[in-house]
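As structure tokens, the structure follows; a few thoughts come after it.
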Amino acid sequence: MNMMRFMRKNRKKYVFGIFLTLLLLVSMMLGGCVDQHPENTKKSNQSVSVETMLEITDPKEKTAVETAKAKVKNLSAQPKIIATSPAVAEICDKLDLNLVGVCKSNVSKLPDRYKKTKKIGLAMNPDMEIMTSLKPDWILSPSSLQSDLEAKYKELHTDYAFLNLRSVSGMYRSIQELGEIFGKEKQAEKMTKKFISFYKNYQKRNQNKRHPKVLILMGMPGSYVIATENSYVGSLVKLAGGKNVYQGSNQEFLNVNTEDMKKKEPDIIVCAAHALPEKVKKMFKEDFKTNDIWKHFEAVKNGRVYDLTYEYFGMSANFNYQKALKELEGYFYGDNKTGK
């Protein structure tokens, strides 16, 4: 399970305030429930998988949203919000939310409406002094950075939330909750309806195709890890029909040696970048060229190693997910088989 997690402070001391745990919506990525008469209920089950799983039904979750909503409503002015990553800024833009602070990015393009908004530093290392000076009511960040940023946020007199952007479905669940909290229900509903329509059609598209075994490498300059289905890239691979060779873990990323990877014998290897995509691309190219074990992989022999487009396959879910799925389909099902 994961989460848009809300934290709050009182005036006397720092305390944990509201905990709101969101479903990862894994069932959205799965087929319908087992039924003795599937021909009668297939359509109904697909509807339940999408719409019901996006609905906020848990009492604690509802209470947390309502509490946050009431707090925003009681503010004397529009809430002062900081978005600390490009993905979160994009969501705020789609929800028509004004920001007092936003991250800067050397790679991702920020929405035009935030060009003149005060920059608070890079997503992975925001400047706490600048953020404090902006006196925000809310700080919004992706859950992938929670372990790095939560301790720092505890030192600020503000509310903050970590958005579940580890899957497309998690993103839309977070959008619904932000829409509820900040009075942007119409904008959130419009986006969610489009996703539901897309998903219902998409889940049928590759049902009868051969689904390849996929190894996902997530790189930083000088090193890389394995991405599981719990990561954003992993969730896209799963949605496109790929079978992650490291499925079954409860972690997002794993440190695994190449000998163990060889035992999995993936049909396809895809390479993504955590940051600095051009440097990571060069790193992977050099590693595949110089590390002798790679030449023994069937995926390498068959030229089925692909560099994923950074703008589509980052650490956090974003609105390029349809382009990302189209790219994966080309690699998986034959439209684009040209690899390294």
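Just so you know, these numbers come straight off a predicted model, no measurement behind them.
Atom NZ of Lys104 is surrounded by 12 or fewer heavy atoms from other residues, nucleotides or ligands within 6.0 Å. Annotation: Lys194, atom NZ; neighbour count of heavy atoms from other residues, nucleotides and ligands within 6.0 Å does not exceed 12. Residue-environment remark: CD (Gln78) stays at or below the threshold of 12 foreign heavy atoms within 6.0 Å. Atom NZ of Lys118 is surrounded by 12 or fewer heavy atoms from other residues, nucleotides or ligands within 6.0 Å. By the 6.0 Å contact criterion, NZ on Lys116 is open, its count of non-hydrogen atoms from other residues, nucleotides or ligands being 12 or less.
Rounding to the nearest 0.5 Å gives a distance of 11.5 Å between CG of Leu328 and OH of Tyr312. Within the model, atoms OG1 of Thr117 and CG of Leu99 stand 6.0 Å from one another, a figure rounded to the nearest 0.5 Å. The distance from the OG atom of Ser167 to the CD atom of Glu229 is 11.5 Å, given to the nearest 0.5 Å. Ser316 contributes atom OG, which lies 9.0 Å from atom CG of Leu163 (distance to the nearest 0.5 angstrom). The NZ atom of Lys281 sits 16.0 Å away from atom NZ of Lys279, with the distance rounded to the nearest 0.5 Å. The distance from atom CE of Met315 to atom CZ of Arg166, rounded to the nearest 0.5 Å, is 8.5 Å.
In this structure, the side chains of Tyr232 and Ser144 stay at 4.5 Å or more apart for every pair of heavy atoms. Counting heavy atoms from C-beta outward, Tyr114 and Cys92 have side chains that approach closer than 4.5 Å. Under the 4.5 Å side-chain criterion, counting only non-hydrogen atoms from C-beta, Glu311 is not in contact with Lys109. Side-chain contact between Val72 and Trp138 is present, with heavy atoms from C-beta onward closer than 4.5 Å. In this structure the side chain of Asp137 never reaches within 4.5 angstrom of the side chain of Asp159, judged on heavy atoms.
Ion pair Glu329/Lys326 not flagged as a salt bridge, since none of the NZ, NE, NH1 or NH2 atoms sits closer than 4.0 Å to an Asp/Glu carboxylate oxygen. Classification of Lys323 and Glu327 as a salt-bridged pair fails, no side-chain N sitting under 4.0 Å from a carboxylate O. Note on Asp96 versus Arg113: salt bridge recorded, some NZ/NE/NH1/NH2 to OD/OE distance being below 4.0 Å. The pair Lys69-Glu185 meets the salt-bridge criterion, with a side-chain N (NZ, NE, NH1 or NH2) lying under 4.0 Å from an Asp/Glu carboxylate O.
Two rings, from Tyr321 and Tyr202, have their centers 6.0 Å or more apart.
The nearest pair of heavy atoms linking Phe162 to Ser143 is CB-CA, 4.0 Å.
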